[in-house]
4 protein chains.
Amino acid sequence: MRIDNGQGLDARKQPQQARSQATVDAIFDATIQVLLAEGLQRLTTIRVAERAGVSVGTLYQYFPQKQALLFAVLQRHLERIVRTMEDAAASVHNACLSTMVETVVSAFVKAKTEDLDEARALYAVALELDSRSYVRQVGARNRVALEAMLKTASDADFDDVGMTTFMLTGALLGPIRLLLEAKSPQSMMRKFRHQLESLCLGYLEREARPKRLAD
Amino acid sequence: MRIDNGQGLDARKQPQQARSQATVDAIFDATIQVLLAEGLQRLTTIRVAERAGVSVGTLYQYFPQKQALLFAVLQRHLERIVRTMEDAAASVHNACLSTMVETVVSAFVKAKTEDLDEARALYAVALELDSRSYVRQVGARNRVALEAMLKTASDADFDDVGMTTFMLTGALLGPIRLLLEAKSPQSMMRKFRHQLESLCLGYLEREARPKRLAD
Amino acid sequence: MRIDNGQGLDARKQPQQARSQATVDAIFDATIQVLLAEGLQRLTTIRVAERAGVSVGTLYQYFPQKQALLFAVLQRHLERIVRTMEDAAASVHNACLSTMVETVVSAFVKAKTEDLDEARALYAVALELDSRSYVRQVGARNRVALEAMLKTASDADFDDVGMTTFMLTGALLGPIRLLLEAKSPQSMMRKFRHQLESLCLGYLEREARPKRLAD
Amino acid sequence: MRIDNGQGLDARKQPQQARSQATVDAIFDATIQVLLAEGLQRLTTIRVAERAGVSVGTLYQYFPQKQALLFAVLQRHLERIVRTMEDAAASVHNACLSTMVETVVSAFVKAKTEDLDEARALYAVALELDSRSYVRQVGARNRVALEAMLKTASDADFDDVGMTTFMLTGALLGPIRLLLEAKSPQSMMRKFRHQLESLCLGYLEREARPKRLAD
DNA sequence: CATGAATGAGTCTTCATTCAT
DNA sequence: AATGAATGAAGACTCATTCAT
């Protein structure tokens with residue numbers, strides 16, 4: 001959020017930064033494209049620079065190492081997704097379980113699906129040793145948001161909210177990953193969201209203790 | 001399993017092949033170790049050979065390319081898992097949903113968990129371009145087995161078994177992956193299996209139409 | 001020739017390309033030197049690069065494979081020779097046989113002899129599988145030029161010009177090859193040209209039918 | 001000659017040597033085949049051994065280094081040819097030029113043509129650094145034989161027999177090499193020998209001084 | 001700031017040769 | 001003697017990174 005807004009604003013005032021931003025964006029896009037077209041193993045700084053229409057030197061101006069570039073691209077992607085999730089989770093505090101699930105699933109599917117190729121391209125990057133801890137952090141933020149939400153559910157209490165959140169996260173990630181790896185993700189999309197809600201809600205309702213009213 | 005036996009037999013007759021087998025095994029193990037210790041990107045044939053206690057030349061005698069080695073390791077792993085799943089699914093044809101889930105979850109968790117490190121190590125390998133189609137095949141075999149099982153459920157019918165199987169697979173994979181990436185998977189294990197059953201069963205019961213008796 | 005000029009011109013305008021050209025030239029020369037000093041089998045990209053005073057990486061910037069380098073060197077050499085032959089042959093259309101032979105032999109000996117070492121170095125390269133078809137092409141161009149010339153001889157007709165050209169080519173190549181492989185080619189040079197003319201002319205006069213005047 | 005006879009004789013007495021000889025022959029043949037099928041650069045001891053139906057170890061029993069093998073094959077080939085030439089040249093001492101040429105050309109063409117593939121396969125080997133001096137030796141023997149022959153010509157004297165022999169050798173080699181490299185050598189064969197005689201005789205008659213009778 | 005030529009350490013892969021069986 | 005598994009030096013080629021222009 002800050003980055004998006006900030007960069008837009010800065011751009012108007014400082015034309016050079018506008019150019020910078022355009023360059024950075026071009027590099028980001030090029031990275032995704034190369035990732036999709038060639039795979040992580042064949043992604044080279046030169047290939048990225050070429051596709052971005054800049055020289056390697058320029059690329060290194062903005063990203064002092066290859067790792068930094070990959071990390072930045074991954075970060076942009078994951079940041080957008082967690083933020084979406086955090087916002088969605090926060091917006092349904094104190095709601096009932098079914099509303100929560102509906103909202104969260106909807107947000108998650110939308111986030112992952114909007115940039116389908118990007119998400120696909122970044123799986124391998126996320127697995128890389130050097131980004132592991134960051135990925136874990138983001139995962140943790142995600143779980144924190146969900147856990148905070150679940151705790152406020154108007155119609156349910158959980159014995160082990162930590163575990164429940166863990167499973168819920170898994171329930172969201174598993175099918176999405178499968179979907180992204182499928183050949184024609186678009187075709188199942190409509191039904192998919194409904195099914196994902198069913199999966200999550202089925203689980204949560206099984207795990208919930210009915211809320212004690214006079215508490 | 002079959003492989004071990006077959007080779008064991010041969011080994012007694014042909015001492016040279018016994019040595020070969022020992023070498024191949026050492027290379028397999030070394031690959032997993034390097035994968036865990038260094039990651040896919042830093043896995044080199046020399047490092048694998050060194051850790052296996054053989055020369056590069058020997059490694060190449062058995063695996064004509066690096067890819068072939070990685071593929072073989074992945075194959076051994078996945079083959080064991082699908083076979084476990086196929087057997088488990090076949091063993092509960094015509095049972096009730098809860099038995100099915102219990103059996104399948106148990107088999108899956110056990111398979112993935114037995115060689116925890118191996119499973120962890122191979123995620124990145126499975127993502128590589130060249131093994132994609134094979135991974136997909138195995139995934140398909142898995143789904144076929146589950147779908148065949150679900151169709152025989154004594155207490156449930158499904159409108160769209162294909163989709164249900166798809167989601168069920170996702171429900172199994174997601175949390176397991178999360179578990180493998182967690183710091184101390186062993187600690188949650190006991191509770192985990194129960195939770196995974198809950199997730200699967202909650203979903204399936206929601207999706208099931210009660211079976212028509214006089215059909 | 002054309003290449004040098006063209007690149008020279010470009011070089012003045014684009015200083016970077018001047019550096020490039022210098023690098024390429026150094027690599028060419030180094031290749032010949034390594035070929036002579038070590039032989040084709042011991043020619044390695046590193047050795048060439050070292051002798052050229054550049055790094056392997058630089059070499060690969062200009063020649064994407066070892067083969068490409070060898071091919072380029074061979075091409076430069078053969079191209080110069082065929083062109084010399086084509087020009088020489090064209091320049092004596094309609095002359096008498098002895099003039100033709102004198103001119104062609106002189107051009108051929110000069111071309112092969114100018115860069116004696118280069119010619120010597122490239123025999124093995126020319127034999128390599130991958131350059132075979134190119135070598136054949138050049139040979140064909142050469143024969144075409146000679147055949148066209150012979151057909152216009154003012155004092156002779158040939159029954160089978162194709163065969164005659166074939167033999168003439170062999171008559172030129174054989175002794176030259178022997179000369180290049182000799183220890184002190186320079187010493188025989190003077191007499192050699194005369195002898196080669198004798199060989200060619202002796203043959204052609206035997207094969208020629210006297211020209212019918214009223215044709 | 002000695003080798004062929006000797007080995008045949010020994011074989012009858014010492015059966016083990018017969019087997020040896022068979023093995024050696026198989027290795028020789030395999031070498032030629034590999035040379036033709038893969039080229040010198042891709043000729044490996046293992047490939048040769050495989051094609052010969054023996055193990056590498058066995059191959060090394062007979063040829064302690066790869067070079068030794070190649071050298072032996074080359075030697076067998078060249079030895080046969082020089083010997084043919086020496087015999088042919090010796091058989092026409094004191095004959096007239098045209099008889100000499102006819103005999104020598106016939107022998108040479110026959111020798112090179114009998115094992116067309118072998119001759120083709122061995123060009124690259126002959127060019128290798130390590131066999132250069134041997135090849136030169138054989139060339140020298142050849143020239144010595146021809147020179148001795150020319151000196152006895154009944155109808156001609158030469159001012160510089162050395163040079164004349166040199167050119168004659170070149171005149172023989174050049175066209176033959178061209179023929180071997182051609183696509184369908186067999187087709188031109190008949191006419192070819194006649195042409196080669198014409199080339200040689202044309203040259204020799206030009207260079208000859210008529211023999212002084214009362215000398 | 002931008003460029004892209006240059007660098008050279010690091011990878012994969014091959015193959016002559018050895019040696020335990 | 002024969003076998004073929006094992007060795008490891010050496011070669012082709014790549015690519016992150018630097019730096020003169």
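Keep in mind it's a predicted model, so treat the numbers as computed, not measured. Naming convention: chains lettered A, B, ... in sequence-line order (proteins, then strands); numbering from 1 in each chain.
Remark: P of F:dA1 and CD of D:Gln21 are 14 Å apart, rounded to the nearest angstrom. Following rounding to the nearest Å, D:Ile27 (CD1) and F:dA1 (C1') show an atom-to-atom distance of 13 Å. One atom, CG of A:Leu70, and another, P of F:dC15, lie 14 Å apart when rounded to the nearest Å. Following rounding to the nearest Å, C:Lys66 (NZ) and F:dA10 (C1') show an atom-to-atom distance of 12 Å. In this structure, CG of C:Leu59 is placed 13 Å from C1' of F:dG11, rounded to the nearest angstrom. Rounded to a whole Å, the OH atom of B:Tyr60 is 12 Å from the P atom of E:dT11. Between the P atom of E:dA16 and the CD atom of B:Gln61 lies a distance of 14 Å, rounded to the nearest Å.
Side-chain N/O atoms of A:Thr23 and A:Ser20 include no donor and acceptor closer than 3.5 Å. For the residue pair A:Gln67 / A:Glu128, a side-chain donor-acceptor distance below 3.5 Å is found, with atom types taken as modelled. For the 3.5 Å distance criterion, the side chains of C:Asp25 and C:Gln21 qualify, holding a donor opposite an acceptor.
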Take B:Phe63 and B:Phe28 through the test ring-ring contact (aromatic ring centres under 6.0 Å, His included) and record every step on the way to the result.
CA-CA 11 Å; B:Phe63 304 96; B:Phe28 270 138; 5.8 Å; yes

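With a cut-off of 3.5 Å on both pairing distances, the Watson-Crick or G-U wobble partner of F:dT17 is E:dA6. Remark: F:dA10 base-pairs with E:dT13. Criterion, Watson-Crick or G-U wobble with two distances under 3.5 Å.
Residue D:Thr58 places at least one side-chain N or O closer than 4.0 Å to OP1 or OP2 of F:dT3. Put simply, A:Ser55 has no side-chain N or O that comes within less than 4.0 Å of OP1 or OP2 on E:dG4. Dashed line: the shortest gap from a side-chain N or O of C:Thr23 to OP1 or OP2 of E:dA6 is under 4.0 Å.
Annotation: proximity of residues 38-50 of chain A to DNA chain E (heavy atom, distance under 4.0 Å) is found for no residue.
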